[in-house]
Amino acid sequence: MFNLLSPKLHDWFEMPTEAPLYQETGKEFLRLWLTGETDADWDAMHPQLQKVVDRKRLAEMSARVIDKFGAIHEIEFKGTRVGDGSQTPTLFIDYSVKTERGTLSGEIEFQFEGLQGHLLGFKI
């Protein structure tokens with residue numbers, strides 16, 4: 001592995017503000033999570049997130065949200081935000097999640113290492 005430090009390389013990576021691949025990945029993550037299909041979600045998570053949220057905990061979180069809000073009807077992409085203050089470039093993708101019992105805000109977090117984005121966070 002090479003680690004190059006140069007002032008000319010500072011801030012060379014430009015975050016994607018339109019990221020259809022990541023938008024669809026986030027939407028699918030929420031869809032699976034909110035229908036109780038958490039095994040595929042757990043496999044999609046970065047290993048660091050898997051250390052914090054194991055398979056059992058992910059399934060329990062899903063069950064709590066489903067019990068409280070009921071079945072999902074629609075997941076709508078709302079926009080993207082670029083994280084600030086972190087040394088690692090971060091893309092937040094926001095969603096509106098319509099359920100039987102209300103509308104929720106959802107968020108998926110991707111951090112970029114090299115040129116690849118990794119799913120490192122989610123919330124409802």
Side-chain angles (χ1 to χ4, degrees):
M1 178 167 183
F2 295 96
N3 189 9
L4 301 174
L5 300 175
S6 168
K8 293 188 181 208
L9 289 176
H10 181 70
D11 290 334
W12 67 273
F13 180 71
E14 205 169 300
M15 285 292 294
T17 54
E18 293 184 22
L21 173 66
Y22 293 106
Q23 292 166 15
E24 285 304 312
T25 301
K27 183 176 181 178
E28 181 66 2
F29 182 92
L30 289 174
R31 185 192 70 76
L32 291 171
W33 188 57
L34 295 172
T35 56
E37 301 175 51
T38 57
D39 282 339
D41 275 352
W42 197 84
D43 292 339
M45 294 177 354
H46 188 276
Q48 292 300 324
L49 182 55
Q50 290 174 344
K51 289 179 183 177
V52 177
V53 181
D54 64 21
R55 285 182 190 272
K56 181 180 176 190
R57 183 165 177 222
L58 185 65
E60 289 169 349
M61 293 165 64
S62 171
R64 278 197 309 264
V65 174
I66 293 168
D67 286 346
K68 185 170 183 173
F69 295 101
I72 60 169
H73 293 293
E74 181 183 4
I75 300 173
E76 180 184 354
F77 166 72
K78 296 307 268 184
T80 59
R81 296 174 285 119
V82 174
D84 55 357
S86 172
Q87 291 181 331
T88 306
T90 305
L91 178 67
F92 295 97
I93 303 178
D94 298 314
Y95 300 89
S96 174
V97 180
K98 294 179 182 162
T99 70
E100 282 182 281
R101 298 184 195 107
T103 301
L104 311 169
S105 295
E107 176 186 277
I108 300 290
E109 175 186 346
F110 290 96
Q111 286 190 352
F112 289 83
E113 187 176 322
L115 295 176
Q116 183 178 7
H118 302 278
L119 197 151
L120 276 177
F122 63 96
K123 66 181 176 182
I124 285 285

Quick one: does any side-chain atom of [X] pair with a main-chain N or O of [Y] as donor and acceptor, under 3.5 Å?
| X | Y | answer |
| --- | --- | --- |
| Ser62 | Leu58 | no |
| Tyr22 | Ile93 | no |
| Glu100 | Ala71 | yes |

Checking Ser105 now: which residues fulfil side-chain contact (heavy atoms from CB on, under 4.5 Å) with it, not counting sequence neighbours?
none

All side-chain contact (heavy atoms from CB on, under 4.5 Å) counterparts of Lys68, not counting sequence neighbours
none

Once you round to the nearest 0.5 Å, how far does [atom1] of [X] lie from [atom2] of [Y]?
| X | Y | atom1 | atom2 | value |
| --- | --- | --- | --- | --- |
| Leu91 | Leu120 | CG | CG | 12.0 Å |
| Lys98 | Ile75 | NZ | CD1 | 11.5 Å |
| Leu119 | Glu109 | CG | CD | 8.5 Å |
| Glu76 | Asp94 | CD | CG | 12.0 Å |
| Glu107 | Ile124 | CD | CD1 | 10.0 Å |
| Phe69 | Arg101 | CZ | CZ | 9.0 Å |

Does the ring centre of Phe110 sit less than 6.0 Å away from the ring centre of Phe29?
no

Listed pairs under 3.5 Å, donor-acceptor, residues 34-53 side chains, sequence neighbours left out:
{"from": "Thr35", "atom 1": "OG1", "to": "Arg31", "atom 2": "O", "distance (Å)": "2.9"}
{"from": "Thr35", "atom 1": "OG1", "to": "Leu32", "atom 2": "O", "distance (Å)": "3.1"}
{"from": "Thr35", "atom 1": "OG1", "to": "Glu37", "atom 2": "OE2", "distance (Å)": "3.2"}
{"from": "Asp39", "atom 1": "OD1", "to": "Arg55", "atom 2": "NH1", "distance (Å)": "3.4"}
{"from": "Asp41", "atom 1": "OD2", "to": "Trp33", "atom 2": "N", "distance (Å)": "3.0"}
{"from": "Trp42", "atom 1": "NE1", "to": "Val53", "atom 2": "O", "distance (Å)": "2.8"}
{"from": "Asp43", "atom 1": "OD1", "to": "Arg55", "atom 2": "NH2", "distance (Å)": "2.7"}
{"from": "His46", "atom 1": "ND1", "to": "Gln48", "atom 2": "N", "distance (Å)": "3.0"}
{"from": "Gln50", "atom 1": "NE2", "to": "Trp42", "atom 2": "O", "distance (Å)": "2.6"}
{"from": "Gln50", "atom 1": "NE2", "to": "Met45", "atom 2": "O", "distance (Å)": "3.3"}

Using the test ring-ring contact (aromatic ring centres under 6.0 Å, His included), find all partners of Tyr95 that sit at least two apart in sequence or belong to another chain.
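Counting only residues at least two positions away or on another chain, Tyr95 forms no ring-ring contact (aromatic ring centres under 6.0 Å, His included).
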
Leu30 and side chain to side chain contact (heavy atoms under 4.5 Å, CB included): which partner among Thr25, Ile108, Ile72?
Ile108

Mind checking what makes side chain to side chain donor-acceptor pair (under 3.5 Å) contact with Asp54, not counting sequence neighbours?
none

Ignoring hydrogens, what is the shortest heavy-atom contact between Gln23 and Thr80? Give both atom names and the distance.
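Between these two residues, the closest heavy atoms are NE2-CG2, 4.2 Å.
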
Please name all residues satisfying salt bridge (charged side-chain N to carboxylate O under 4.0 Å, His left out) with Glu24, sequence neighbours left out, ordered by chain then number.
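Counting only residues at least two positions away or on another chain, Glu24 forms no salt bridge (charged side-chain N to carboxylate O under 4.0 Å, His left out).
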
